[in-house]
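Data first, discussion second: the structure below is written as structure tokens.
To find a chain, count down the sequence lines: A is the first, B the second, and so on, and within it residues start at 1.
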Amino acid sequence: MSAEKALPPLLTQYLRLPPEVSLSLVTSVLGASANWVLERYLIAALAGPSRHGEETEAGAGEDTRVVLVSWMSNWDSWRTEIRRTSGLDIAKLAQQHRFAFVDGLTGLLDSSNHRVPTKEEYSSGEIPIKQSPQSIRSPGTTPTVLNMSPIDPAPRKQGNLSPGPPELKQDSRSASIRRPVKLPAENGRYVLSSDSLISLENTTLRAKEFVTATQASSEDSKEPRVLLILDQPDLLLSTTQDPSKCFPALLSTITALSQLQYVQATVVGVGADPHLTAAATAELDREEAAIRAFSPLESHHSAFLMSLAHRARVVFQLRRLESGWASDVSGVLRVSPGGAWDSGDEEVASNEGVEGQEKEMLYCVKADGSVKVFERGAGGVG
Amino acid sequence: MSFSKRSVPLGRANRTSAVSTGSPGTSAPGIRPSPITGQPTTSTGCSSLDALLAANAGLSLGTSLLIEETGTTDYASALLRCFAAEGILQGHQVHLVGVGDRWGRELPGAIGESISDGQKQTSPSQSDQEKMKIAWRYERLGSHGERAPIPSRIQPQPGDATDTKDSTPPPAEHFCHTFDFTKRLDFPPAAKQINYIPLSPTPTSSPFDPIITSLQSSISNSQPDTLHRLIIPSLLSPAYYPAHSPSPDHILRFLHSLRALLRLHTSRLTAMLSLPLSLHPRSTGLTRWIERLVDGVAELQPFPHTFDASTATRPGSKEEEKPQGMVRVHALPVFTERGGGEGKGVAEGGDDLCFVVSRRKFLIRAFNLPPVEGDTEAQGGQAGGKDMEF
């Protein structure tokens, strides 16, 4: 199947790269995976008119590159799936410096045996819990930073980290020299060696530099545009020992990453099962809140999700059909403007034909990987 | 549409090339390609569960399946025991987490296992042999009718069953055994011993650490064509697990690592877990995260105690077919991750699936209410009336 055919017509307007830096949120629930939406974003960016920069369409010369950070799947699964659904080979694209992959799944395995600090270590004062105002994200990372130390002492220099992109860049460059890479960087595949946010920042930055590296040598004067896809970063929040510290840190890390140079758009896929978000909606329903206390996992997950939704320009919500299983409908897709959608967007939207209002559609992922997106009651169309 | 259909075998080719490192191929014992996706699958030891798993006709290699169970019953362990016994009969390396070797000794025996094994020893008595032969034939009938379209499965002729020593079928030709819960499994001489993985009792470290370590070393030290099955019965049950194991940074980290292992060794490892829901109901965020980190989720909902003496005393009667509970499939391996809903296995029963545990099988089938006693008469009367009219 060709890449163009893999994109459902009703979605193409949303999958297009937005004109300014923005964040999109894709939420999924159990049984309604967001993988296909993230894949469509990726396919739309990589198979668009910018292929080889030779085609003479509206977007000619604009070079879109993709950095995919995934905590739930590894390189092989993504490669198989993308090739199956669109015919694109991400290995080939990585050779062309158009795609880079950061593996947040398998790299954490090696450190799994010694990454949980003991309580004594945690309270022994070895870890600076409140060091400086700007080290707000370091507490969330400290448990794993500590355990990384036998491998690499570099991330200990927390003082250098501040949310601003320039400093971040410097820090990561110095770190990238020291940090051993498991895979040769030439193939565009990176592995997160720990679940610390510093590691995430540095590795993502290096992946981003990998996809923008060819720009200097290219005669093309246009700046490359990078689409950053984060596949379920909420995993970091769920596996951390102290979600109350990891939550703001993770949020600021994502914000920092989305504001890196050349990064045009960031797509974040997050789980939004009702059980995980119940804490956010419970305030409306006092009774429920009174009945059960929410675990830190639940309350921070919902807070994380709400924060992202407020920062996002567009929110995709995937859920299952309420009426149960159906052979021709996989689930419901709801597109709504997020908190960062402002009136300026409305003008752009009207120019582009994007409606700035909520829209609910049905989708069906078929066995061959194609997706049909259609309005309710229009099962045969699209 | 015909063009897009053709992309399925293409995808299969890609898949096999992508995972070819150390892949045993489909010739390894107990593995066959899924007729739909072409991914290599292995049997769960329960043929109706195999059929349910996204029409993959088995559990795809490199995936995990979580069996949840409400209430205080432990029907899930029957499935897990079948999964373990199937692995042993196929010569897979079975890893058992948390429970002692008593669990491992109580695996159900296969019906006709010695014949299918190809290394049959002389049976103790003539009647035993006769019984096995009959069972073997019945079983072959069932599997043949079910799996007829798969060309790679070469079924022996009926006559072969009598002289197994000459036919020498490879052990792989038996994809799914039928188990008798009243028997105990005889370990075939070629079978690998169960690897019992104890949990770490130290309160300061994750209780799950030894599992990943043991699995990693076992996989790297074994032959590249050895398949590994990880079985985790009653996850987080206080009977086996220390009190700090439900902490998200232990259990979720472990499941994430397990997911990584499954993805790394996508042609060599499968896992099956069971989770009692009474302590960790599905409405909690923790359980939802556990469900997100595994590939397939099925929930057993036993009916509130319909067991009466009559069902126990008459095993051969119709009463035995009465379902013990409902099965809800929340996620299917591979299909759910792709976002799809076109699971043929689910399609057959819709959402209404039930399970029947009897002496010799664990059956998952479509649920339909039995006719009410007085109603059969009415139905018969109706049918008769129609006959009269036309």
(request) Decide yes or no on side chain to side chain contact (heavy atoms under 4.5 Å, CB included) for A:Thr240 and B:Asp249, but give the supporting numbers first. (result) CA-CA 5 Å; A:Thr240 188; B:Asp249 65 318; over 6 Å; no

(message) Can you tell me how far apart NE2 (B:His250) and CD (A:Gln241) are? Round to the nearest 0.5 Å.
(response) 7.0 Å

(message) On a heavy-atom basis, which atom in A:Leu105 and which in B:Ala260 lie closest, and how many Å separate them?
(response) O-CB, 3.4 Å

(message) Is it the case that the side chain of B:Arg259 and the backbone of A:Met72 share a donor-acceptor pair, with hydrogens and angles ignored and the cut-off at 3.5 Å?
(response) yes

(request) Would you mind checking which part of A:Glu39 comes under 4.5 Å of any heavy atom in chain B, side chain (CB onward), backbone (N, CA, C, O), both or neither? (result) neither

(request) Go through the atoms of B:Leu255 and report whether side chain, backbone, both or neither lie under 4.5 Å from a heavy atom of chain A. (result) neither

(request) Could you pull out the closest heavy-atom pair between B:Leu264 and A:Asn74, with the gap in Å? (result) N-ND2, 4.3 Å

(request) Identify the two heavy atoms, one from B:Pro248 and one from A:Ser238, that lie closest to each other, and give their separation to 0.1 Å. (result) CB-O, 3.4 Å

(message) So does A:Trp71 get a backbone contact from the side chain of B:His256, meaning a donor-acceptor N/O pair under 3.5 Å?
(response) yes

(request) Look up atom CG in A:Asp76 and atom OG in B:Ser267, then write down how far apart they are to the nearest 0.5 Å. (result) 10.0 Å

(message) Is there a side chain to side chain contact (heavy atoms under 4.5 Å, CB included) between B:Trp289 and A:Leu276? Walk through the geometry before answering.
(response) CA-CA 9 Å; B:Trp289 257 110; A:Leu276 290 169; 3.7 Å; yes

(message) Just so I understand: if I count every heavy-atom pair under 4.5 Å between each of A:Asp103, A:Val37, A:Asp234, A:Asp89 and chain B, which residue has the most?
(response) A:Asp234

(message) At a heavy-atom distance under 4.5 Å, which candidate from A:Asn35, A:Leu30, A:Leu321 has the highest pair count against chain B?
(response) A:Leu30

(message) If I measure from the heavy atoms of chain B, does A:Leu235 come under 4.5 Å with its side chain, its backbone, both, or neither?
(response) both

(message) As an exercise: rank B:Glu291, B:Arg263, B:Arg282, B:Arg292 by heavy-atom pairs under 4.5 Å with chain A and give me the winner.
(response) B:Arg292

(message) For the OG1 atom of A:Thr239 and the CG atom of B:Leu293, what is their distance to the nearest 0.5 Å?
(response) 9.0 Å

